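What follows is one structure encoded as structure tokens, with my remarks underneath.
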Amino acid sequence: MPDAEADTLAFDEWRSLLFGIAYRMLGSATDAEDVLQEAWIRWLRRPAQPVDSVRAYLVTIVTRLCLDELGSARAQRVSYSGPWLPEPVVVEDTTAAEQADSLSLAFLVLLEELTPLERAAYLLHDIFGYSFEEVARSLGRTPAACRQLGARARRRIEERPQRFDADVRHGRELTDRFLHACATGDLSDLLSMLSDDVVVWTDGGGKVRAAVRPVVGPHRSSRFLINVAKRRHGSPTAVILNGQPATVFVEKDTVVTALVLDIMDGLIVGVRAVTNPDKLERLSLHLRAAADARNGLA
């Protein structure tokens with residue numbers, strides 16, 4: 001007979017790993033949670049036979065569910081209104097720097113250029129350290145085929161390297177200065193912070209007002225950002241999102257904007273603003289729970 005308590009403990013032991021894989025695969029924490037829920041159901045309903053490795057079994061379930069999800073997600077993104085950005089997630093300061101490389105919004109956007117199988121092979125091998133033999137079992141491919149998938153993915157990623165420093169303290173200082181310049185309309189100071197090839201992405205998902213195309217270059221970007229700041233709603237709160245210093249704007253306990261800056265060599269090379277309410281709902285719940293815990297209401 002299945003042991004429900006033992007099954008629960010076994011699943012919970014690997015939950016963090018499974019969420020990490022699903023979130024990086026899908027770029028959506030909400031979809032990742034849905035995948036974990038389905039994986040949990042399949043784990044409970046598995047055939048009544050011994051499982052050699054619980055981790056490998058669960059990773060295979062989650063990976064294949066993500067591949068299925070990506071098939072429909074890609075079709076939806078063809079008609080997505082404006083730039084698509086991943087759903088931002090909170091990462092605690094203590095682990096921000098070590099996770100920034102594989103959690104940054106820039107990296108997750110870059111993964112979108114890979115095929116689903118390339119993405120899975122690359123993440124499982126290069127990010128999570130699985131052998132290609134293990135990857136092959138999860139993907140239902142040969143190890144040689146998975147090596148090819150990983151190599152193709154690696155080449156494409158190395159052709160488009162990420163551009164940001166994982167210095168949380170300096171990033172926070174520059175972010176605060178950036179927000180002040182936008183809020184006060186200090187064009188000169190704002191320009192001094194932007195790189196010559198800075199790009200601004202705004203993801204409203206067609207549900208709130210946002211630029212339908214990226215804004216490129218320091219002069220266009222600075223004027224755009226100052227104009228946006230004039231219409232900004234909510235109070236700013238400093239957080240760590242996806243391993244990088246970030247700011248959320250909160251109105252009536254609800255996050256209305258999540259802002260992340262890509263910083264390289266002391267300059268801002270990218271500005272990513274998520275205003276799509278669907279991508280901010282989970283973040284709002286997290287921040288409310290954190291506030292309740294600080295106030296002793298949990």
Side-chain angles (χ1 to χ4, degrees), residues 16 19-30 32 83-113 123 126-127 157 160-183 190 193-195 197-203 210 214-215 218 221 225 228-229 232 234-250 255-276 279-280 282-284 286-287 290:
S16 178
F19 179 82
I21 293 171
Y23 174 66
R24 288 169 175 83
M25 283 284 291
L26 302 175
S28 166
T30 302
W84 177 90
L85 291 174
E87 178 184 348
V89 294
V90 173
V91 179
E92 301 304 326
D93 295 36
T94 53
T95 58
E98 64 190 58
Q99 295 190 44
D101 283 347
S102 68
L103 270 181
S104 72
L105 298 188
F107 178 73
L108 296 177
V109 169
L110 189 55
L111 289 179
E112 285 289 300
E113 299 184 12
L123 286 172
D126 286 46
I127 303 302
I157 287 174
R160 297 274 302 278
Q162 297 182 73
R163 300 179 60 207
F164 70 91
D165 293 324
D167 184 338
V168 173
R169 184 187 61 80
H170 176 67
R172 182 75 263 158
E173 292 171 354
L174 191 59
T175 299
D176 291 343
R177 184 181 156 203
F178 167 85
L179 291 171
H180 182 265
C182 290
L190 185 56
M193 289 181 259
L194 303 180
S195 70
D197 57 351
V198 65
V199 182
V200 179
W201 295 270
T202 56
D203 180 348
V215 181
S221 294
L225 290 165
V228 168
R232 189 198 72 203
S235 302
T237 300
V239 292
I240 299 293
L241 296 179
N242 296 73
Q244 295 174 264
T247 302
V248 294
F249 294 88
V250 182
V255 177
V256 293
T257 301
L259 178 74
V260 181
L261 303 182
D262 296 337
I263 298 167
M264 177 61 69
D265 298 328
L267 292 175
I268 297 167
V269 298
V271 180
R272 303 175 194 270
V274 178
T275 56
N276 182 342
K279 296 183 179 183
L280 299 174
R282 188 174 181 273
L283 185 55
S284 295
H286 178 96
L287 295 178

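A quick note: this is a predicted structure, and the numbers were derived from the prediction, not measured. We number each residue from 1, following the sequence as shown.
- Residues Val271 and Val199 form no side-chain contact, since every pair of their non-hydrogen atoms from C-beta on lies 4.5 Å or further apart.
- Using a distance-only test at 3.5 Å, with no hydrogens or angles considered, no donor-acceptor pair links the side chain of Thr275 to the main chain of Thr257.
- How far CE of Met25 is from OG of Ser28: 13.0 Å, rounded to the nearest 0.5 Å.
- Under a 3.5 Å cut-off, the side chain of Asp203 and the backbone N or O of Leu85 do form a donor-acceptor pair.
- For the pair Asp126 and Ile157, the minimum side-chain heavy-atom distance is 4.5 Å or more.
- Here the side chains of Val255 and Ser284 are in contact, with some heavy-atom distance below 4.5 Å.
- Using a 4.5 Å heavy-atom cutoff, the side chains of Thr237 and Phe249 are not in contact.
- The two residues Tyr23 and Pro86 come nearest to each other via the heavy atoms OH-CB, 4.4 Å.
- Side-chain atoms of Lys279 do not come within 3.5 Å of backbone N or O of Ala258 as any donor-acceptor pair.
- Annotation: the span from Ile240 atom CD1 to Arg172 atom CZ amounts to 7.0 Å, rounded to 0.5 Å.
- Side-chain atoms of Asn242 do not come within 3.5 Å of backbone N or O of Pro88 as any donor-acceptor pair.
- In this structure, OG in Ser195 is found 11.0 Å from CD1 in Ile263, a value given to the nearest 0.5 Å.
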Practice prompt. Please assess Arg169 against Glu173 for the test salt bridge (Lys or Arg N to Asp or Glu O under 4.0 Å), listing each intermediate value before the final yes or no.
Written response: CA-CA 6 Å; Arg169 184 187 61 80; Glu173 292 171 354; 2.7 Å; yes
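- Separating the SG atom in Cys182 from the CG atom in Leu190 is a distance of 4.5 Å, to the nearest 0.5 Å.
- Closest heavy-atom contact between Pro83 and Thr202: CD-O, 3.5 Å.
- Residues Val198 and Val269 form no side-chain contact, since every pair of their non-hydrogen atoms from C-beta on lies 4.5 Å or further apart.
- Annotation: side chain of Thr175 is in contact with side chain of Leu179 (closest heavy-atom distance under 4.5 Å).
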Practice prompt. Please assess Leu174 against Leu261 for the test side-chain contact (heavy atoms from CB on, under 4.5 Å), listing each intermediate value before the final yes or no.
Written response: CA-CA 9 Å; Leu174 191 59; Leu261 303 182; 5.5 Å; no
Item to complete: Apply side-chain contact (heavy atoms from CB on, under 4.5 Å) to the pair Val248 and Leu259, showing each step before the final yes or no.
Response: CA-CA 6 Å; Val248 294; Leu259 178 74; over 6 Å; no
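- In this structure a side-chain-to-backbone donor-acceptor pair under 3.5 Å is missing from Glu87 to Gly27.
- Between Arg272 and Ser104, the side chains place no donor N or O within less than 3.5 Å of an acceptor N or O (distance only, hydrogens not considered).
- Thr247 OG1 to Leu241 CG: the interatomic distance, rounded to the nearest 0.5 Å, is 8.5 Å.
- To the nearest 0.5 Å, atoms CG (Asn276) and CG (Leu280) are separated by 7.0 Å.
- Looking only at atom types and distance, the side chain of Asp262 has a donor-acceptor partner in the side chain of Gln244 under 3.5 Å away.
- Side-chain contact between Trp201 and Val274: absent, with no pair of heavy atoms (C-beta onward) separated by less than 4.5 Å.
- In this model, a donor atom of one side chain and an acceptor atom of the other lie less than 3.5 Å apart for Arg24 and Ser102.
- Minimum interatomic distance between Ala22 and Ala32 (heavy atoms only, all atoms of both residues): CB-CB, 3.7 Å.
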